[in-house]
Amino acid sequence: MTNNSLSETCNEIVFSNFFKKHGKSLRNFLFYKYGNKDQAEDLAQEAFIKLWQNCAAVPIEKAKSYLYTIANNSSLNEIKHQKVVLQYENNFTGLDKTNENPEFILEEKQFKDKLLKAIEDLNETQRIAFLMHRIDGKKYSEIAEELNISVKAVEKRIHFALVELRKTIDFK
């Protein structure tokens, strides 16, 4: 019994189908975690590599959970690194080469910073559901299935995310 499950995960065809089924959603999940598509793709690939390297120890029934756990832990490490990179970028004062009004550029930057900060300050469950819906265009039912929660829970998370964003950004 155990040997059969183990061999399924290590079977190249099964693993390839598993990758095709879960690769994009894992990458998007990671992208929503910290907002960098390239890093999300890299972390997703690394998670699949770790799954392949440990395929004998991970039954196919638990492979998705294992994959998301590995990816989530890796993303937490990357978030620490991203904060350092973002802090450097924010402190860097490069030359402005646009012809736009400096006041407009400043207001636009302030609004963008405020919006990104507001999204960052959402709790993780709200942020993930909000970004999956708004950025990826997923339906509530798709989000509910991927996160293993009810559609009502997705609606509630997105609603509270919007409420928090409106409060933080002070839309009128």
Side-chain angles (χ1 to χ4, degrees), residues 9 13-52 54-55 58 60-90 108-172:
T9 307
I13 295 170
V14 172
F15 190 86
S16 177
N17 289 335
F18 183 81
F19 175 80
K20 290 175 185 171
K21 183 176 181 182
H22 299 289
K24 184 178 179 184
S25 62
L26 177 63
R27 186 201 67 223
N28 289 344
F29 175 77
L30 292 170
F31 173 63
Y32 301 147
K33 282 282 218 193
Y34 59 91
N36 186 312
K37 192 171 187 176
D38 292 333
Q39 286 181 340
E41 201 159 305
D42 289 346
L43 287 173
Q45 287 177 1
E46 287 177 24
F48 275 102
I49 289 169
K50 287 181 184 175
L51 175 61
W52 179 252
N54 297 307
C55 66
V58 182
I60 195 69
E61 301 84 29
K62 297 187 179 197
K64 182 178 178 184
S65 174
Y66 177 84
L67 188 69
Y68 275 76
T69 301
I70 292 295
N72 187 49
N73 291 342
S74 296
S75 73
L76 293 174
N77 292 334
E78 279 297 315
I79 288 171
K80 290 178 185 176
H81 177 69
Q82 276 295 342
K83 286 183 179 181
V84 171
V85 171
L86 289 174
Q87 191 172 20
Y88 172 78
E89 287 177 359
N90 287 337
E108 184 179 43
K109 183 186 180 321
Q110 288 173 341
F111 180 79
K112 181 181 175 186
D113 291 345
K114 195 173 189 180
L115 177 60
L116 291 175
K117 176 76 171 122
I119 291 173
E120 182 183 305
D121 288 345
L122 291 173
N123 72 43
E124 184 176 323
T125 58
Q126 291 174 353
R127 182 176 56 250
I128 291 170
F130 175 77
L131 292 173
M132 289 176 86
H133 179 64
R134 294 297 171 118
I135 303 298
D136 205 30
K138 292 189 179 196
K139 296 178 180 167
Y140 287 3
S141 58
E142 294 171 325
I143 297 169
E145 184 179 324
E146 285 187 34
L147 299 178
N148 294 324
I149 58 175
S150 69
V151 174
K152 267 295 196 205
V154 172
E155 291 173 0
K156 188 174 181 179
R157 289 178 182 186
I158 292 174
H159 169 74
F160 284 120
L162 289 170
V163 168
E164 285 300 312
L165 289 174
R166 283 186 186 112
K167 264 196 282 185
T168 304
I169 297 176
D170 195 30
F171 283 124
K172 292 188 179 173

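Small disclaimer: the values here were computed from a predicted structure and weren't measured. Quick note: numbers below take in every heavy atom, side chains included, and nothing from hydrogens, waters or symmetry partners.
Annotation: ring-ring contact (aromatic ring centres under 6.0 Å, His included) contacts of Tyr66 (sequence neighbours excluded): none. In this view, Gln126 satisfies the side chain to side chain donor-acceptor pair (under 3.5 Å) rule with no residue, not counting sequence neighbours. Legend: residues meeting salt bridge (Lys or Arg N to Asp or Glu O under 4.0 Å) with Asp113, ordered by chain and number and at least two apart, are Lys109. With sequence neighbours excluded, the residues satisfying side chain to side chain contact (heavy atoms under 4.5 Å, CB included) with Lys156 are Phe160. Among residues two or more places apart in sequence or in another chain, the side chain to side chain contact (heavy atoms under 4.5 Å, CB included) test is passed with Tyr68 by Ser25, Leu26, Phe29, Lys64. Legend: residues meeting side chain to side chain contact (heavy atoms under 4.5 Å, CB included) with Ser65, ordered by chain and number and at least two apart, are Thr69.
Taking all atoms of both residues into account, the shortest heavy-atom contact from Leu165 to Ala118 is CD2-CB, 3.5 Å. Across every non-hydrogen atom of Ser74 and Leu43, the tightest pair is CB-CD2, 3.5 Å. Nearest heavy-atom pair, Phe48 versus Phe15, reported as atom, atom and distance to 0.1 Å: O-CZ, 3.4 Å. Considering every non-hydrogen atom in both His22 and Leu67, the closest pair reads CB-CD2, 4.5 Å.
Between Phe18 and Leu51, the closest side-chain pair of non-hydrogen atoms falls below 4.5 Å. The shortest side-chain heavy-atom distance between Tyr140 and His133 falls under the 4.5 Å cut-off. By the 4.5 Å heavy-atom criterion applied to side chains, Lys152 and Glu155 are counted as neighbours. Counting only heavy atoms from C-beta outward, the side chains of Met132 and Val154 never approach each other to under 4.5 Å.
A donor-acceptor pair under 3.5 Å is absent between the side-chain atoms of Arg157 and the main chain of Phe130, judged by distance alone.
Distance check, rounded to the nearest 0.5 Å: NZ of Lys167 to CG of Leu162 gives 12.5 Å. Remark: Ser16 OG to Lys21 NZ distance equals 13.5 Å, nearest 0.5 Å. To the nearest 0.5 Å, the span separating OH on Tyr32 from NZ on Lys138 amounts to 6.0 Å. Rounded to the nearest 0.5 angstrom, Ile143 CD1 and Glu145 CD are separated by 11.5 Å. Here the CZ-CG distance, from Arg27 to Asp38, works out to 10.0 Å after rounding to the nearest 0.5 Å. Going from atom OG1 of Thr168 over to atom CG of Leu122 covers 7.0 Å, rounded to the nearest 0.5 Å.
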